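Here's the structure we're looking at; comments come further down.
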Amino acid sequence: MLVSIIVPCYNEEEALPFFLDAIQQTEAEMTAAYGCDFELLFVNDGSRDNTLEVLRSFAGPGVRYLSFSRNFGKEAAMYAGLQHARGDYVAIMDADLQHPPEMLKAMYEGLQTGAYDCVAARRESRKGEPPVRSFFARCFYRLINRISDTEIVDGACDFRMMTRPVVNAILSLGEYNRFSKGIFGWVGFRTKWLPYENVARVAGETKWSFWQLLLYSIQGIVGFSTVPLALASVLGLVLCLLSLLMVVYIIIKTLLFGDPVGGWPSLACMVMFMGGIQLFCMGILGQYLAKTYLETKRRPIYILAETDEENPHGGQEA
Ligand code: UDP
Ligand code: MG
């Protein structure tokens, strides 16, 4: 039984030595307990620091690496890792030790029972997170689960271990705009959730700003729901009905009371309001159009610049 562990790394030179120590200790314990083998597969996502040098020094038996030609994002790094993993079981985890390696044991046991195809960590609380961010995160999950058929679990992590069929299913979704929480939900399979508390990063700093998270959430909505597209029709219909009522009202009013000139401020407000709604709906259309545009280009999800592999999968094939 071979277990692949995929580790996306972007500017993680400080965290990587701690990570390697911790993961190799867990590997040794698990090999002793269950007799399974491991391969570590690091994916350097175009780091600007010395991550690549660190990875080169790690490479050897049981440790492989892939290196991108630039930063393609964590989603692309995970995809590349899944493409190149050889294990019967494949795990994904962050390089910053926010995902405790000890949990791999519980994940492995969960898969071994045969009752699950995927065992994933799930954050129980949002402790230690700025309250504004938690608030928006909750709103996002409530919204997307209401408008999408795909179940997107609040607090679900990328930290998970999967069987080969699940990996193949994920790889079969070759879309360019990847939103892994949606993809994991979309492929289905029996998933076991393990509760876990977020721990602080061992070194370095997070790569996510609030703005990036906002864009990412829009990508998630556009990728897994078409309900916003219907919004324009619904709003348009409602406003049509409203305006009909107003026409009737104005005709009656004019017949009864004559037609003194007036109502310019209200007219201005209405023009603004309509303009706003039209732009808003056009913006939604634009979001879908932009994503469709990028998908139709069929660009590779990532480009490999260097690896210790002999016959690497090119990202081009993706
Ligand atoms: N990461 C990556 N590419 C990126 C950003 C992040 O491969 O463009 C990796 C990063 O090195 C880490 C993981 O994704 O292993 C999670 O990133 P981070 O810890 O910054 O996110 P957070 O834990 O704060 O959500
Ligand atoms: Mg992190």
Side-chain angles (χ1 to χ4, degrees), residues 4-23 40-55 58 63-85 90-101 103-104 120-130 132-134 136-137 140-141 153-160 176-181 183-184 196-217 219-220 301-307 315:
S4 302
I5 301 176
I6 298 168
V7 191
C9 309
Y10 177 54
N11 295 347
E12 300 284 6
E13 62 171 355
E14 291 160 41
L16 278 173
F18 295 103
F19 177 81
L20 191 72
D21 272 352
I23 197 77
L40 277 173
L41 180 52
F42 292 97
V43 185
N44 173 33
D45 183 14
S47 302
R48 291 173 199 281
D49 63 359
N50 289 322
T51 300
L52 183 56
E53 282 76 42
V54 176
L55 293 183
F58 286 178
V63 184
R64 302 154 60 199
Y65 71 90
L66 307 167
S67 184
F68 288 175
S69 60
R70 64 168 173 87
N71 181 252
F72 280 89
K74 186 184 178 190
E75 298 286 344
M78 291 194 290
Y79 186 80
L82 290 174
Q83 254 187 348
H84 288 83
V90 180
I92 302 176
M93 62 195 293
D94 285 0
D96 53 11
L97 285 180
Q98 280 184 314
H99 298 158
M103 281 181 71
L104 289 172
R122 178 177 187 179
R123 277 169 70 177
E124 292 287 270
S125 73
R126 296 189 164 268
K127 248 192 298 184
E129 201 183 50
V132 191
R133 185 171 290 196
S134 307
F136 279 108
F140 167 72
Y141 283 107
V153 180
D154 189 358
C157 287
D158 296 330
F159 181 28
R160 55 184 64 218
Y176 183 75
N177 295 287
R178 303 188 74 75
F179 180 71
S180 58
K181 285 183 209 300
I183 290 176
F184 290 139
Y196 111 101
E197 286 289 333
N198 209 23
V199 282
R201 243 177 184 280
V202 61
E205 55 198 42
T206 178
K207 278 94 200 169
W208 291 95
S209 67
F210 186 78
W211 182 242
Q212 282 170 314
L213 283 174
L214 187 73
L215 291 181
Y216 187 59
S217 62
Q219 173 155 340
I301 294 170
Y302 62 90
I303 290 174
L304 281 186
E306 182 187 325
T307 165

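The figures here come from the full heavy-atom set of this structure, side chains too, leaving out hydrogens, waters and symmetry mates. These figures come from a predicted structure and were not determined experimentally. One-based numbering, in listed order, for ligands and for the atoms of each. Note that the numbering runs from 1 along the sequence shown for the chain.
Judged by the 6.0 Å and 45° rule, Arg133 forms no cation-pi pair with Phe136.
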Q: Take Glu12 and Val7, measure what side-chain contact (heavy atoms from CB on, under 4.5 Å) needs, and give me the verdict at the end.
A: CA-CA 11 Å; Glu12 300 284 6; Val7 191; over 6 Å; no

(Q) Tyr196 vs Arg123, test: side-chain contact (heavy atoms from CB on, under 4.5 Å). Steps then yes/no. (A) CA-CA 5 Å; Tyr196 111 101; Arg123 277 169 70 177; 3.4 Å; yes

Q. Are Phe42 and Phe58 close enough, and set up right, to give a ring pair (Phe, Tyr, Trp, His ring centres under 6.0 Å), and what steps lead you there?
A. CA-CA 10 Å; Phe42 292 97; Phe58 286 178; 5.8 Å; yes

Q: Show your working on side-chain contact (heavy atoms from CB on, under 4.5 Å) between Leu41 and Val90 and close with a plain yes or no.
A: CA-CA 10 Å; Leu41 180 52; Val90 180; over 6 Å; no

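Scanning for ring pair (Phe, Tyr, Trp, His ring centres under 6.0 Å) contacts around Tyr176 gives an empty result, with sequence neighbours left out. Remark: Asp154 pairs with Arg126 by the salt bridge (Lys or Arg N to Asp or Glu O under 4.0 Å) rule, at least two apart or across chains.
For the residue pair Glu75/Ser180, the side-chain donor-acceptor check at 3.5 Å is satisfied.
For Ser69 (side chain) and Leu304 (main-chain N/O), no donor-acceptor pair under 3.5 Å exists by modelled atom type.
Looking only at protein N/O/S atoms, the ones less than 2.8 Å from the Mg ion (ligand 2) make 2 in total.
Enumerated by chain and number, the residues approaching ligand 1 to less than 4.0 Å through a heavy atom are Pro8, Cys9, Tyr10, Glu12, Asp45, Asn71, Gly73, Lys74, Asp94, Ala95, Asp96, Gln98, Arg201, Thr206, Lys207, Trp208.
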